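One structure is given below, encoded as structure tokens.
Please read these numbers as outputs of a predicted model, since none were measured by experiment. Residue numbers start at 1 and run along the sequence shown.
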Amino acid sequence: MITVTEAVSLLNVDASTIATWISGGRCIGLAGSDGTLRIPRWQFEPSVWSAIQLIGGSLGTHEPWLILVFLETPAPALEGLTPRVALERGTAIERVLAAAIDDAH
């Protein structure tokens, strides 16, 4: 997990862009118990980054915790891989989205 400041530096954008991405479901941002926003760094890998918003749409939510839980939970439709690992290994986004749709029902 990285901070908003670290994400700003990594992505060369400003904090308001990160906030817009989070509120729009483009980026996963999680508020900790102390109110500090933490961001999973792995979501910025190209294979995952391009899928975050699509996955939220398939799940029918922009809720970051729900998207994170989906991405980190092994899926039978993906041979037991987590959707994140499946994407990182090159699984077609369509298969991951189908798993998300199944998960949403």
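Taking every heavy atom of both residues into account, G29 and I22 meet most closely at CA-CD1, 3.8 Å. Contact between A100 and L59 at its shortest, heavy atoms only, is O-CD2, 3.4 Å. Nearest approach of L81 to A86, heavy atoms of both residues: CD1-CA, 4.1 Å. Listed here is the closest heavy atom pair of I52 and C27: CG2-N, 4.1 Å. Of all heavy-atom pairs spanning L87 and S47, the tightest one is O-CB, 3.4 Å. In this structure, V96 and P83 approach most closely via the heavy-atom pair CG1-CB, 3.9 Å.
The structure places OG1 of T91 at 7.5 Å from CD of E79, a figure rounded to the nearest 0.5 Å. Rounded to the nearest 0.5 angstrom, T82 OG1 and L71 CG are separated by 7.5 Å. Taking CD1 of I2 as the reference point, atom CD of Q43 lies at 8.0 Å (rounded to 0.5 Å). With values rounded to the nearest 0.5 angstrom, F44 atom CZ is found 9.0 Å from I28 atom CD1. Expressed to the nearest 0.5 Å, how far CG of L97 lies from CG of D102 amounts to 11.0 Å.
The side chain to side chain contact (heavy atoms under 4.5 Å, CB included) search around W65 returns L30, E63, L68, not counting sequence neighbours. In this structure, T20 has no side chain to side chain contact (heavy atoms under 4.5 Å, CB included) partners at least two apart in sequence or on a different chain.
Side chain of E45 to main chain of E88: no donor-acceptor pair is present (N/O by atom type, distance under 3.5 Å, no hydrogens or angles). Although no hydrogens or angles enter the test, the distance criterion places a donor-acceptor pair under 3.5 Å between the side chain of R95 and the main chain of A77. A distance-only check finds a donor-acceptor pair linking the side chain of R26 to the backbone of W49 [under 3.5 Å]. Between the side chain of E6 and the backbone N or O of T3 there is at least one donor-acceptor pair closer than 3.5 Å.
Contact annotation: the side chain of T61 never approaches that of F70 to less than 4.5 Å [non-hydrogen atoms, C-beta and beyond]. Considering only heavy atoms from C-beta on, I39 stays 4.5 Å or farther from W21 through its side chain. At least one side-chain heavy atom of I18 sits less than 4.5 Å from a side-chain heavy atom of L11.
Other residues sharing the hydrophobic cluster of V69, ordered by chain and number and joined by side-chain separations under 4.5 Å: none, the residue standing alone.
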